Amino acid sequence: MTFLQKFINMLWLSVLSIPIAVIYSNYYAFQDNSFLFLDVSFYSAAIGLFFLLIFLYSLITILPVWLFSKSIGYLRIAYASLILAIAFIVLSVDAHTFHLYRFHLSIAMMDLFWHGGSEILEVSADMMLSIVLEIIGIFIYSVAVVLFSIYLTNKKVKVRKYAILATLLYVFANGVNCYAKAVNNHSLMVLSGRLPLYYPLSVNRALRKYGIISEEDIRNREIKQSSNGTFNYPLHELKYKALPNEDELPNILIIAVDSLRYDMLDSETMPNTFEYAKDAWQFNNYFSGGNCTRDGVFSLFYGLPTTYWLQARNSGIPAAMLSVLRERKYLIETFASASLYTPAFNETVFTTFNNLRFRSRGNDAVQRDEACIEDFEKMLQKRNSQKFFSFIFFDNVHGFNLPKDAPHPFKPCTSVNYMNLKNDSDPTEFFNLYKNAVLYADSNIKKVLDLLDKYNIGDNTIVIITADHGQEFNENKLNFWGHNGNFTKYQTQVPLIVKWPGKGSKVVDELAVSYDISTTIMQEVLGVENPTEDYSVGQNLFRLKPRPFFLSSSYLETGIIEKDRIILIDSLNTLHFKDLNYRNSGNTKRDKNIFDALMLMNKYTKGS
């Protein structure tokens with residue numbers, strides 16, 4: 001057999017593998033709410049994807065071995081059958097895993113099952129028999145594919161048209177995704193999360209580059225919810241109890257300060273907020289669901305881990321809390337200093353709320369923060385006594401910005417170049433600048449709180465003061481500066497002050513997480529009767545119970561935070577075990593918490 005014939009044989013192997021790949025594709029397919037074009041796109045992607053994957057896999061693993069001999073003997077046939085069977089078994093395991101749990105096979109999951117033993121997965125006799133029979137069937141199919149591919153190659157049956165057709169189906173599926181991305185069609189933007197190793201193309205960057213569409217065009221498109229995505233949120237339709245008088249519902253004001261860490265809430269750095277907290281609920285052990293803005297804000301509003309970010313974005317489903325607020329006739333307004341287009345909160349948290357204030361005027365964070373306060377007051381003047389929900393998001397602390405004539409009591413202070421920071425750098429002057437910026441943010445918080453008194457609405461307004469994430473100054477001596485770097489308390493623990501009319505004041509030391517805020521509002525204000533798990537992984541802040549762990553995310557990793565260790569799931573889906581100071585932990589036990597966390601990260605995916 002010549003080199004060309006062996007190459008053609010690899011094509012036949014790939015073509016003949018399509019039937020079993022399509023069979024397993026059914027485990028990834030949409031079970032409900034699909035439509036014909038979506039199904040056609042899905043199976044086109046599946047056929048093309050698995051054809052190309054098996055072809056590349058065969059070129060790498062089988063063809064080099066076959067090149068050593070002119071004839072393909074029994075040993076090489078056995079080898080090729082084994083290699084092909086391994087690929088099918090991996091596909092089978094991934095397909096069954098996705099069908100059961102709605103996530104793909106990963107190093108973390110294999111690690112967990114391998115080391116966790118029966119504590120994680122119990123295998124019954126019937127289940128073991130099914131597995132054995134399926135593996136036997138896969139080996140028989142693999143041998144048949146190898147033998148039939150050799151037969152077709154020797155008979156010189158043309159394979160080209162089948163290979164071209166499979167490739168064209170893959171191109172078609174990618175074209176559908178490009179179209180869906182370009183026009184924001186969420187009904188079709190749902191394939192990439194279902195098929196393994198499928199990363200379809202998007203041409204939005206090229207369209208913007210050549211002026212075919214603009215950034216403003218993308219932002220201004222009306223985003224509609226899609227029932228065809230993978231995001232199963234809420235799990236069931238929300239039901240609300242009848243309220244005696246909806247007009248008497250309290251206003252809700254959330255004030256968040258970007259990068260405000262937990263230990264800044266004291267009489268020296270935040271005197272106004274510290275004083276205000278004395279008559280409110282103060283949560284001393286409160287953590288964000290992320291160490292960056294995207295994850296902190298997402299978890300606060302959705303009550304979910306940010307592992308659902310892409311699903312939420314592709315579905316066009318906003319935070320459930322906002323949807324209920326709209327049903328309850330709240331005036332919903334945002335006063336964010338930094339743009340809410342980046343990260344794309346306009347396409348996630350606030351999607352379908354098309355008339356919100358997504359950016360602030362001003363040349364720097366100080367001016368933008370001032371504009372937020374001015375616009376908030378304008379809203380209070382124009383609202384005609386309508387109850388409101390407002391989100392004020394200050395930005396000056398994030399960039400260590402404050403006016404030159406503002407108080408600078410923490411000295412010496414100076415700005416630094418992050419690129420020049422080293423593990424032995426002295427953080428004192430940099431940290432003092434940060435504290436001066438926090439002091440200025442505290443004065444802005446007071447201005448907002450004074451407006452509530454000015455317009456006589458303080459007694460009927462729930463006020464929540466918090467942050468999206470913290471800020472580290474190399475406290476653990478591992479050269480971490482800023483945020484989005486690790487999940488220690490310096491980057492994830494933030495203040496939480498809740499002043500709730502009629503609930504008095506209290507200091508709470510029980511663990512609370514940003515997931516709890518929306519849960520509390522849904523239950524205590526909006527009268528949602530569903531079980532909490534229908535719309536959140538959080539708890540009611542006024543009825544907190546001990547947690548074995550909580551989830552916190554960054555752009556690249558997810559942390560499972562336990563009482564005495566941090567378990568990282570990195571971008572390669574491998575597990576790492578750290579102590580609370582981010583040193584390697586001696587406790588590497590793969591326990592049920594890890595499995596439960598993985599389930600939680602996929603609970604709101606359709607079919608789970």
Side-chain angles (χ1 to χ4, degrees), residues 1-25 27-28 42-95 98 104-107 110 135 137-175 177 191-192 194-201 572-573:
M1 188 179 285
T2 66
F3 172 79
L4 179 59
Q5 287 177 311
K6 292 173 181 176
F7 182 82
I8 291 172
N9 205 99
M10 297 302 104
L11 286 172
W12 271 121
L13 282 177
S14 307
V15 169
L16 294 173
S17 298
I18 289 175
I20 193 172
V22 170
I23 290 172
Y24 282 118
S25 294
Y27 290 97
Y28 304 108
F42 172 80
Y43 283 103
S44 296
I47 291 170
L49 173 68
F50 290 124
F51 165 76
L52 293 173
L53 287 178
I54 293 295
F55 180 58
L56 291 174
Y57 177 73
S58 301
L59 288 179
I60 295 170
T61 59
I62 298 176
L63 183 60
V65 175
W66 282 21
L67 287 177
F68 289 123
S69 175
K70 289 185 178 180
S71 63
I72 307 301
Y74 291 117
L75 286 178
R76 287 179 173 79
I77 290 173
Y79 168 77
S81 301
L82 175 63
I83 292 298
L84 208 56
I86 291 172
F88 294 151
I89 290 171
V90 171
L91 175 60
S92 168
V93 173
D94 185 78
F98 187 87
H104 293 290
L105 196 62
S106 67
I107 297 174
M110 291 188 291
I135 291 175
I138 286 174
F139 270 102
I140 293 172
Y141 186 89
S142 302
V143 172
V145 165
V146 173
L147 292 175
F148 196 38
S149 69
I150 294 173
Y151 172 80
L152 292 172
T153 302
N154 290 334
K155 291 294 184 180
K156 298 183 179 180
V157 179
K158 301 293 185 182
V159 70
R160 180 172 55 190
K161 58 184 177 182
Y162 302 107
I164 291 174
L165 176 60
T167 304
L168 288 176
L169 289 174
Y170 185 75
V171 172
F172 166 74
N174 273 267
N177 188 76
L191 298 182
S192 59
R194 304 192 76 88
L195 293 170
L197 301 177
Y198 181 56
Y199 307 104
L201 296 174
L572 297 177
N573 276 307

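Because the structure is predicted, anything quoted here is derived from the model rather than measured. Side-chain atoms are counted along with the backbone in the values below, which use heavy atoms only and exclude waters and symmetry mates.
Here the side chains of Tyr170 and Phe51 are not in contact, with every heavy-atom distance at 4.5 Å or above.
Atom CZ in Phe50 sits 10.5 Å away from atom CZ in Phe88 (nearest 0.5 Å). Note: Leu52 CG to Tyr198 OH = 11.0 Å, rounded to the nearest 0.5 Å. The CD1 atom of Ile20 lies 9.0 Å from the CD1 atom of Ile54; values are rounded to the nearest 0.5 Å. The CD1 atom of Ile89 lies 10.5 Å from the CG atom of Leu84; values are rounded to the nearest 0.5 Å.
Between Pro64 and Ser58, the closest heavy-atom pair is CD-O, 4.5 Å. Contact between Ala85 and Ile138 at its shortest, heavy atoms only, is O-CG2, 3.7 Å. Taking all atoms of both residues into account, the shortest heavy-atom contact from Ser149 to Leu16 is N-CD1, 3.7 Å. Listed here is the closest heavy atom pair of Ser25 and Phe42: O-CZ, 3.4 Å. When all heavy atoms of Leu195 and Ala46 are compared, the closest pair comes out as CD1-N, 3.7 Å. Of all heavy-atom pairs between Leu49 and Pro196, the closest is CD2-O, 3.3 Å.
Residues satisfying the ring-ring contact (aromatic ring centres under 6.0 Å, His included) criterion with Phe139, sequence neighbours excluded, are absent altogether. Residues meeting the side chain to side chain contact (heavy atoms under 4.5 Å, CB included) test with Ile164, sequence neighbours left out: Arg160, Leu168. By the side chain to side chain contact (heavy atoms under 4.5 Å, CB included) test, Leu75 pairs with no residue at all, sequence neighbours left out. By the side chain to side chain donor-acceptor pair (under 3.5 Å) test, Tyr151 is found to be paired with no residue, residues two or more places apart in sequence or in another chain being considered. By the side chain to side chain contact (heavy atoms under 4.5 Å, CB included) test, Ser81 is found to be paired with Ile77, Val143, Val146, residues two or more places apart in sequence or in another chain being considered. In this view, Thr153 and Asn9 satisfy the side chain to side chain donor-acceptor pair (under 3.5 Å) rule, not counting sequence neighbours. Among residues two or more places apart in sequence or in another chain, the ring-ring contact (aromatic ring centres under 6.0 Å, His included) test is passed with Tyr162 by Trp12. By the ring-ring contact (aromatic ring centres under 6.0 Å, His included) test, Tyr57 is found to be paired with no residue, residues two or more places apart in sequence or in another chain being considered. Checked against side chain to side chain contact (heavy atoms under 4.5 Å, CB included), Leu67 has the following partners two or more places apart in sequence or in another chain: Phe3, Lys6, Leu63.
Of the possible donor and acceptor atoms, one in the side chain of Ser14 sits under 3.5 Å from a partner among the backbone N and O of Phe55.
For the residue pair Asp94/Tyr24, the side-chain donor-acceptor check at 3.5 Å is not satisfied.
Between Tyr28 and Tyr43, a ring centre-to-centre spacing not shorter than 6.0 Å is recorded.
For the side-chain contact (heavy atoms from CB on, under 4.5 Å) criterion with Leu152, the lone passing option out of Leu147, Leu11, Val15, Val157 is Val157.
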